[in-house]
Amino acid sequence: MTAKATGASGYQIAYATSAKGKLKYVTSGTSKTLKLSRNKTYYVKVRAYKTIDGKKYYGVYSTLKPSKTK
């Protein structure tokens with residue numbers, strides 16, 4: 001899955017194994033590799049952040065979307 005926002009310092013990723021499951025949150029810089037199970041569907045949402053004077057300002061989350069691993 002690829003996400004890109006112009007001028008973003010990094011991204012916050014939230015994912016779960018079901019659409020109504022508990023989300024796990026990961027904050028990353030420009031890229032992040034997650035170790036996920038093969039052949040499984042994960043539900044993912046992402047938002048960008050910008051760091052200004054040492055403080056992070058977050059955008060809104062994308063909609064929760066299913067993504068199947070290979």
Side-chain angles (χ1 to χ4, degrees):
M1 180 171 273
T2 303
K4 186 175 183 180
T6 305
S9 300
Y11 300 93
Q12 187 173 48
I13 304 162
Y15 65 97
T17 55
S18 69
K20 303 231 181 205
K22 185 175 179 181
L23 292 168
K24 293 182 183 180
Y25 294 89
V26 178
T27 301
S28 70
T30 55
S31 67
K32 180 70 176 176
T33 302
L34 301 174
K35 293 185 179 186
L36 303 174
S37 299
R38 295 178 68 145
N39 296 320
K40 192 169 186 178
T41 300
Y42 288 89
Y43 294 83
V44 181
K45 64 181 180 176
V46 64
R47 68 179 175 176
Y49 68 85
K50 175 95 174 164
T51 304
I52 300 172
D53 295 329
K55 185 173 180 181
K56 291 181 182 176
Y57 294 90
Y58 290 92
V60 296
Y61 272 110
S62 65
T63 57
L64 196 64
K65 296 186 180 195
S67 180
K68 186 166 180 147
T69 58
K70 294 181 180 182

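Keep in mind that this is a model prediction, so the values were computed, not measured.
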Q. Can you name the nearest heavy-atom pair linking T63 to K45, along with the distance?
A. O-CB, 4.0 Å
Q. Should Y11 and R47 count as side-chain neighbours, where that means a heavy-atom distance under 4.5 Å?
A. no
Q. Is V46 linked to Y58 within one hydrophobic cluster, defined over Ile, Leu, Val, Met, Phe, Trp and Tyr using a side-chain heavy-atom separation of less than 4.5 Å?
A. no
Q: Indicate the atoms forming the closest heavy-atom contact of N39 with T69, along with that distance.
A: N-OG1, 3.1 Å
Q.
Show the nearest heavy-atom pair for residues P66 and Y43, with the distance to one decimal.
A. CB-CE2, 3.6 Å
Q: Group every Ile, Leu, Val, Met, Phe, Trp and Tyr by side-chain heavy-atom contacts under 4.5 Å, then state whether L23 and V44 land in the same group.
A: no
Q: Check the angle between the aromatic planes of Y25 and Y61 and answer parallel, tilted or perpendicular using the 30° and 60° thresholds.
A: tilted
Q. Taking C-beta and beyond as the side chain, do T17 and K40 meet within less than 4.5 Å on heavy atoms?
A. yes
**Q.** R38 side, atom CZ; K68 side, atom NZ - distance, nearest 0.5 Å
**A.** 11.5 Å
Q) Sub-3.5 Å donor-acceptor pair from the side chain of T41 to the main-chain atoms of S67, do we have one? A) no
Q. Does NZ or CZ of K50 lie under 6.0 Å from the centre of the six-membered ring of Y57, at an angle within 45° of the ring axis?
A. no
Q. Quick one: CG on L64 to NZ on K20, what's the gap to the nearest 0.5 Å?
A. 10.5 Å
Q.
Using side-chain heavy atoms (C-beta onward) and a distance below 4.5 Å, is Y42 in contact with L34?
A. no
Q) Do I13 and K24 come within less than 4.5 Å of each other through their side chains, counting heavy atoms only? A) no
Q. Are any side-chain N or O atoms of T51 and backbone N or O atoms of S9, one a donor and one an acceptor, separated by less than 3.5 Å?
A. no
